[in-house]
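Just so it is clear: chains get the letters A, B, ... in the order the sequence lines come, proteins before strands, and each one is counted from 1. The structure displayed is predicted, hence computed values, not measured ones. The analysis underlying the following values was restricted to heavy atoms, covering all of them including side chains, and did not include hydrogens, waters or symmetry mates.
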Amino acid sequence: MPVRSVSTDADYLSGLNPEQLEAVMSTDGPLLVLAGAGTGKTRVLTTRLAHILNNRLAYPSQILSVTFTNKAAREMRERVGKTMGEEVEGLPWLGTFHSIAAKILRIHSELVNLKSSFTILDTDDQIRLLKQIIKAAGIDEKRWTARYLAALIDGWKNKGLTPDKLGADDGFAFADGKGIELYKTYQSRLTVLNAVDFGDLLLHNITIFQKHPDVLKRYHERFRYLLVDEYQDTNVAQYLWLRLLAQGSNNVCCVGDDDQSIYGWRGAEVDNILRFEQDFPGAKVIRLERNYRSTEHILGAASGLIAANKDRLGKTLWTEDAGGHKVSVTGVWDGPAEARIIAGEIENWKSKGRSYNDVAILVRASRQMRNFEERFIQLGLPYRVIGGPRFFERAEIRDAHAYLRVLRSDTDDLAFERIVNTPKRGIGATSISKLQQAARSMNVSLEHATRTIIRTDEIRGKARSALRAFLLDVDRWRREAEDTKHTEMAERILDESGYTQMWRDNKDAKSQGRLDNLKELIIAMGEFDTLEAYMEHVSLVLDVESGPQEDEISLMTLHSAKGLEFPLVFLPGWEEGTFPSQRSLDESGMAGLEEERRLAYVGITRAREMAKIYFAANRQVYGSWQSSLPSRFVDELPIQHVDVESEAGQYNPSRITDRVQEDFGRSFARAQDSGRTSPGWQRFQKNKDQRFGRAPKDIEGHAVRRPAKGKVSNYNVGERVFHTKFGYGAVLETDGTKLTVDFEKAGEKMVLDGFVQRASEV
DNA sequence: GACTGAGCCGTCGAC
DNA sequence: CGGCTCAGTC
């Protein structure tokens, strides 16, 4: 291998701080880089890669670098290219855990009885398959749902457990002991379908490595350096996979932050990072603690909060950016008031010449977004929602893919079943279950069984002729596909199958969007030369680029905010039950609470200049109003970094809002001892029983709307009012705090009473 | 086989 | 509240 005259003064190394430099230069042996929020983690990772390449310590093909998301992999690829001056010839083993595992599995698939063309099933396929298995086993599908079994199986796979490794007890988690049997059945169905689920990608790799040392040896020889990003998010299977591969060179570098581990619910084990030094003997640990992102107050508030966690390695972030704004905490009356106040803050920010792109609102649960969206639409503020259902998970895209899968393979039962009656062709559940029964007894695929069965009288009438016509279409498409471009073929199939027509006929507001998505799909396909190439990537690698950058407020969950930063960050909904989420606490107890706290830490540390926290005294949960208490996390913020703002007067003159703030202020002043004894915590303990039950019912069983304040408008029908955006108008109707107003210029609009004034008082 | 309404239940969501 | 599933009806 190459010469080892390692340069320490190359351009790309300049500007690194001592710890970063050490992390880049420590190429030999196991290394854990504990990179706090905003400490230049990505820079270290990419510089380290560039350093290894630049000094010819390894060829690009000898470096394994794994990330969790495609986005992270893409960014790393780009940034290494930039650091190296664009001359890096691809890094073939840079990718997500899953895409690299898939690549390895395609090479050795025969060792686990798969063909290298295996299909990767997503969660939806997985659940549909499990539903069939549960039904076939004669288990009550309502008591034992496919969803629950899928979660169990995923959990086992995340822990690296194949069915034979499970203890007898494990099976009792499902249908009185049938869990393991069902898991086995599921795995053998997958083999028959020549398919794997996401968990299998890693698990099959592990099996192959463990049973075939010769194969593992090949990878040991290949990978001289291993790099892992976001190590705190790895699950046991990923850890095992990594450890097997690292046994070769032992040059494994993991970068992560135990304080930002927020994916426990999908199998991440913080323990992996906490245990690194034991797992990789002789490991070096480097802490990156100098923060380049946030001001002193933001860091102070975040650090103070996270200090309440026990299970952590411990870091002390510092910055040279002294002073700045304190983190603000504001009590508001309810969700709509929170949205109103935050929207006002944003307008104010914008009016000072700053941009909407600088602003993010980070919520715990996506349902909290609604108040904000309503308010933004009302005010005409531009915003984008980040996250949410992803392009390739949408029903119309999955349907289109199912057509393509059928085109490609006559044994893809799940795809066949999905589209055989979509759009409706008159083939109902009865016919489909007949086909399944036939397929099982003949031991052939659904499509084959269908071809046989339509020649019998098992299925008659409309269903039979529809099936026959459908198969003729499929045959024709397959013939045409041989000499037709794949994008054109896709368009033709969607058209001739009646699929696009189905959405055109649909009057739902979303159907136009679905048609647009189908057009985007064709464009995405066009980026690949063949259907095969496209399908290969579709389940793992493809994600849609966000559209052109406009000046918009970002609205997202705390989870999707990890890794991002914004000058101004709003953190609404800091209330017990909402955040920390009651469900996390119920399901995972203290570990759940600590993960919630890390989520809070992630939230605050997204802010560069200002972080603004809000809690509401009343919140509508599943339709009924509940009163709520400030989150214990509010009490845990160190007071010297916090401002309790008294903004009420500026917005919606409400004595109650003032009172909420006073009350909060008092609690806050006394709250600097441990979280468990703080007034907020105690009030919560005292009241939680009544708070988390369902809304009380009156005698007739109607939910009692607990009017938190007399939520009745102060305005009367006919009264003349003024609105800052819409001008003057007359009240047509009142509904609680909502007013329907006929504005003289803007026409009829629904507005909140807090946003209008009496015309006589203007 | 397809449509309609009652009942249920609810985080976060990469690959 | 609202989206989804399932049972009952045409």
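Nearest-nucleotide positions on DNA chain B place K462(A) closer to the 5' end than the other of F198(A) and K462(A). Heavy-atom distances to DNA chain B give each of S431(A) and E596(A) a nearest nucleotide, and the one nearer the 5′ end belongs to S431(A).
Comparing dC12(B), dC3(B), dG10(B) by their closest approach to the side chain of R583(A) singles out dG10(B). Closest to the side chain of R370(A), from the set dC12(B), dG2(C), dA14(B), is dG2(C). Between dA14(B), dC12(B), dC6(C), one nucleotide has an atom nearer to the side chain of K142(A) than all others, and that is dC6(C). Which of dC12(B), dC15(B), dA2(B) sits closest to the side chain of R364(A) comes down to dC12(B).
Put simply, OH on Y231(A) is 22 Å from P on dA14(B), counting in whole angstrom units. In this entry the distance linking CG of L202(A) with C1' of dA14(B) reads 12 Å, nearest Å. The distance from atom CD of E230(A) to atom P of dC15(B) is 12 Å, rounded to the nearest whole Å. For the pair K510(A) NZ and dG2(C) P, the interatomic distance rounds to 11 Å; values are reported in whole Å. Taking atom CG of D586(A) as the reference point, atom C1' of dG10(B) lies 13 Å away to the nearest angstrom. Taking atom CD of E374(A) as the reference point, atom C1' of dG2(C) lies 13 Å away to the nearest angstrom. Taking atom CZ of residue R390(A) and atom C1' of nucleotide dC12(B), one finds them 15 Å apart after rounding to whole Å. Rounded to an integer number of Å, the gap from H537(A) NE2 to dA14(B) P is 19 Å.
Side-chain atoms of Q187(A) and D200(A) form a donor-acceptor pair, as typed in the model, at a separation below 3.5 Å. Counted by atom type alone, Y231(A) and N272(A) present zero donor-acceptor pairs between their side chains at under 3.5 Å.
Between the side chain of R77(A) and the main chain of L91(A), a donor-acceptor pair closer than 3.5 Å is present. Side-chain atoms of Q232(A) come within 3.5 Å of backbone N or O of D257(A) as a donor-acceptor pair. The main-chain N or O of T578(A) is never found under 3.5 Å from a side-chain atom of S581(A) such that the two would form a donor-acceptor pair. In terms of modelled atom types and a separation under 3.5 Å, the side chain of T456(A) and the main chain of I453(A) share a donor-acceptor contact.
Here E587(A) lies in heavy-atom contact (under 4.0 Å) with a base. As judged by a 4.0 angstrom heavy-atom cut-off over every strand, N70(A) is placed among residues touching the sugar-phosphate backbone only.
Residue S366(A) has no polar side-chain atom (N or O) positioned under 4.0 Å from OP1 or OP2 of dT11(B). Between N421(A) and dG1(B), a side-chain N or O to OP1/OP2 separation shorter than 4.0 Å is absent. T557(A) has a side-chain polar atom (N or O) that falls below the 4.0 Å cut-off from OP1 or OP2 of dG13(B). At dG2(C), none of the side-chain N or O atoms of R367(A) fall inside 4.0 Å of OP1 or OP2 (strictly under the cut-off).
Both thresholds, 5.5 Å between centres and 30° between ring planes, are met by Y622(A) relative to the base of dG10(B), so the two rings are stacked.
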